[in-house]
Amino acid sequence: MLTKRKRRAQRWGKHRAVLLLTLGLLMIFTITFPITVKATTSVYTMTAFTNTSESNMYIYESYNAKHYGLLKGPAYTPPAADLIRDPSIMKHTDGLYYVVYTTNWSGNTVGIASSPDKMNWTFVRNITLSTTTPIAHTWAPEWFKDTNGSVNIIVSLSPGNYENFKPHVITASGNNLASTTWSAPAVLTGLASNYIDTFVVKTGSTYHAFTKNETTKYIEYATSNSLKGPYTFKGTGNWAGWGSWVEGPALIQLDNGSWRIYFDGYADHKYYYSDSADNFQSWSGKQEIAGLSGMVRHMTVLKESGQPGDIRKLESFNVPGSFIRHYNYQARIDASVSPAEDAQFRIIPGLANAMGISFEAMNYPGYFLRNNNGNVVLVKNDGTAAFRNDATFKRVNGLANTNWSSYSLFNNPNLYLRHYDQVLRLQPVVTALDKSDATFREITP
């Protein structure tokens, strides 16, 4: 009996040693390697020309399809003194981004440019269109990728005098957009003469066309069971409450399933959006695009899902109900934050080291919380190594509560993000109060 007990004790001793070693390694791993980003977000990329230039394209990004920050501008200037009005963006099966655009006020061509990263663009080609009747004006081309895999361009053609525009569609015969041939323009039947800026989306087997009535200046709505029509109008005049003298509709579907339409209120020099949660039957009141209304013109938006990033609010441990926010580009904590997006950050893999994290402002894409001699400020990423280092943090278990989180500067782990007199700083933590000031809870907005 004594021998059996000794054997059991020896076995338990070995198991205990292994268990302790495993726990120790786990603790070392947790301390050495910070908790990294888990979730993903959608990224919305806007291509537009502006009131100041119809020869340069500007690229903007957003994480909620409302607040857009400049990614690059000018990002592309066409060759041969061409214009780049009405740029429409898509991502193709070859992994490249493409824009198609209006090349001139008059003529029968549309232009195409491509980019591997949305930052650096290269001219691809001009496509020459021809029909049995003369083409004097070729405007507002829009990509449309059908569910059968075909790549199409919806384009407005006029025989002359900037009148009697009709929407047409051309279809690529192959996948290489640099060399493929395109079908002859075919009219979208049912959309009467003098409709322009036609944008098509598809749900199930139904094609939904949003198109500007160039006579009445309203954006109207029609549906069809075929891309080429015939289309039947479902909403005419001021059916959606957007008013007249609006143009350039572009649509995207949001993460919650509702649809957002953007349009150019060119008469009052503003750019708007409106939402529908019931499959285009009713729409919310139009809202201006913050920061870009009055500057951007006829544009489209590309939605890409699955980009790394956690959208979070960061609540103070010892000042419950107060959250980290930016105010005049200074980071601080406040209880009442308006607008609410000032207290929302996209937590992404660290700019300097993917094992760390960086905090990007939800409503200022491209702007990050950064160390500035111990102060924490919101600054646009300038792409330098110094910026990346100063904007990268290590997420660890909360110093005052291990169920919460604390954040040290990645390249100086002795400095922690903490609030002091409501202002955020990077400082060493020593006292219990310091640790409480440096502890936060991540909350999904």
Side-chain angles (χ1 to χ4, degrees), residues 34-35 37 41 62-64 67 69-70 290-291 309-353 356-384 386-396 398-401 404-429 433-445:
I35 306 166
V37 174
T41 56
S62 174
Y63 305 118
N64 61 3
H67 299 91
L70 181 64
D310 299 303
I311 303 296
R312 296 290 185 264
K313 296 170 61 178
L314 303 166
E315 185 181 17
S316 168
F317 173 75
N318 58 352
V319 189
S322 288
F323 296 86
I324 294 178
R325 56 90 56 90
H326 59 83
Y327 183 79
N328 287 340
Y329 301 100
Q330 171 73 55
R332 54 180 289 120
I333 63 167
D334 275 322
S336 298
V337 180
S338 180
E341 289 85 359
D342 283 359
Q344 296 176 20
F345 295 88
R346 181 170 178 253
I347 303 178
I348 67 168
L351 296 176
N353 189 312
I357 59 174
S358 294
F359 299 95
E360 184 178 15
M362 175 72 166
N363 53 355
Y364 284 81
Y367 284 72
F368 292 82
L369 295 184
R370 173 190 183 171
N371 173 35
N372 181 20
N373 295 321
N375 295 312
V376 182
V377 293
L378 186 73
V379 183
K380 184 174 177 59
N381 183 3
D382 62 12
T384 63
F387 184 98
R388 292 193 295 270
N389 285 329
D390 285 340
T392 301
F393 301 84
K394 181 165 67 173
R395 181 202 275 140
V396 299
L399 299 178
N401 185 323
W404 293 44
S405 297
S406 294
Y407 312 96
S408 64
L409 193 62
F410 201 91
N411 60 358
N412 189 346
N414 293 319
L415 300 179
Y416 284 86
L417 198 65
R418 58 89 54 92
H419 64 85
Y420 185 85
D421 286 341
Q422 292 188 281
V423 176
L424 250 62
R425 305 181 188 278
L426 277 159
Q427 295 177 342
V429 294
L433 178 60
D434 293 343
K435 293 178 181 179
S436 293
D437 287 347
T439 301
F440 301 90
R441 176 170 59 179
E442 299 179 10
I443 300 175
T444 301

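Not measured: the values here are computed from a predicted model. For the numbers below, each heavy atom of this structure counts, side chains included, while hydrogens, waters and symmetry mates do not.
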Which atom of Y327 lies closest to which atom of R332, heavy atoms considered: CB-CD, 3.9 Å
Minimum heavy-atom distance between K394 and P413, given as atom pair plus value: NZ-CB, 4.4 Å
Donor + acceptor pair across side chains of Y63, R346 (<3.5 Å): yes
R388 (side chain) donor-acceptor with G383 (main chain) under 3.5 angstrom: yes
Distance, nearest 0.5 Å, that separates OH of Y367 from OH of Y329: 5.0 Å
Working for side-chain contact (heavy atoms from CB on, under 4.5 Å), residues L378 and L369: CA-CA 5 Å; L378 186 73; L369 295 184; 4.0 Å; yes
Minimum side-chain heavy-atom gap R395-I347 below 4.5 Å: yes
Least distance between heavy atoms, E315 atom then G321 atom: OE2-N, 2.8 Å
Interatomic distance, Q427 atom CD to L417 atom CG [nearest 0.5 angstrom]: 10.5 Å
Side-chain donor or acceptor of S436 paired with backbone N/O of N318 under 3.5 Å: no
Value rounded to 0.5 Å, distance of CH2 in W404 from CZ in R441: 4.0 Å
Inter-residue atom distance I333.CD1 - H419.NE2, 0.5 Å rounding: 4.0 Å
Approximate separation, where rounding is to 0.5 Å, of D334 CG and I324 CD1: 11.5 Å
Contact check, side chains of Y407 and I357, non-hydrogen atoms, under 4.5 Å: yes
Donor-acceptor contact present, side-chain S406 to main-chain A438, <3.5 Å: yes
Minimal non-hydrogen separation, Q330 against L424, with atom names: NE2-O, 4.0 Å
Side-chain heavy-atom pair F387, N381 within 4.5 angstrom cut-off: yes
Heavy-atom donor-acceptor pair, D382 side chain to T384 backbone, under 3.5 Å: yes
Whether T439 side chain and F317 backbone form a donor-acceptor pair below 3.5 Å: no
Candidate list F440, F359, F368, test ring-ring contact (aromatic ring centres under 6.0 Å, His included), partner F393, passing option: F359
Test item: E360 side-chain N/O and P365 main-chain N/O as donor-acceptor pair under 3.5 Å: no
Value rounded to 0.5 Å, distance of CG in L409 from CZ in R370: 10.5 Å
Check: L314 and E442 side chains under 4.5 Å, non-hydrogen atoms: yes
Member of Q344, E341, H326 meeting the side-chain hydrogen bond (donor to acceptor under 3.5 Å, both in side chains) criterion with N363: H326
Smallest separation among heavy atoms of L70 and K380, with atom names: O-NZ, 3.0 Å
Side-chain (S358) to main-chain (A391) donor-acceptor, under 3.5 angstrom: yes
Sidechain-backbone polar pair: T392 side chain, F410 backbone, donor-acceptor under 3.5 Å: no
